[in-house]
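Everything on this sheet refers to the single structure shown next.
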Amino acid sequence: KSFFSSSTVTTQQQQQQQQQHIKIVEVGPRDGLQNESIFIPTPTKINFINKLINAGCNNVEVTSFVSPKVIPALEDHSEVMSEIVTTWKK
C-alpha cells in the first residue's frame, strides 16, 4: 500500500515546484543612483523607473526614505515615490 493519497502527492509536487521559483528585485533606482557622483534629476529617475516597470520588472526598489544628509542623491524620495504610486496605482 502507498502511504500517500494522490492528493497528498500532488500537494508535495506543488510545494517542490513552488520552491524552485526565485524572486528578482531591480535595485538600480535605489542602490545604483545613490552612488552617482552627480544628482540625477527627478524626472530622469521617474522616467527610468517607468521604463523598468514597462519592461516587465515587477519588483523595483524605487527609492529609500533616508536623510539627505546621509544620502544626498535620494533627497527627492518623496516626489519620486509619489509620482510612481500615482502613475501605477490601479
Verify same cluster id: [X], [Y] (apolar side-chain graph, 4.5 Å):
X	Y	value
V60	L33	yes
L52	L74	no
V66	V80	no

Pairs in or reaching into residues 23-77: which pass ring-ring contact (aromatic ring centres under 6.0 Å, His included), with residues at least two apart or in two chains?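 Sorted pair list: F65-H77.
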Name all pairs fulfilling the side chain to side chain donor-acceptor pair (under 3.5 Å) condition that reach into residues 55-76, sequence neighbours left out, sorted by first residue then second.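 Output for this query lists R30-E61, T42-D76, K45-D76.
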Sub-3.5 Å donor-acceptor pair from the side chain of [X] to the main-chain atoms of [Y], do we have one?
X	Y	answer
T86	S82	yes
E26	G28	yes
T87	E83	yes
N50	I46	yes

Roughly how far, to the nearest 0.5 Å, is the CD1 atom of I84 from the CD1 atom of I49?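 Interatomic distance, I49 CD1 to I84 CD1, rounded to 0.5 Å: 4.5 Å.
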Quick one: CG on D31 to CD1 on I71, what's the gap to the nearest 0.5 Å?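 Result: 9.0 Å between the selected atoms.
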Can you list the other members of the hydrophobic cluster that holds V25, where links are side-chain heavy atoms under 4.5 angstrom apart?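 Joined to V25, directly or through intermediates: V27.
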Give the minimum heavy-atom separation between P29 and V62, together with the two atoms involved.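 Result for this residue pair: CB-O, 3.5 Å.
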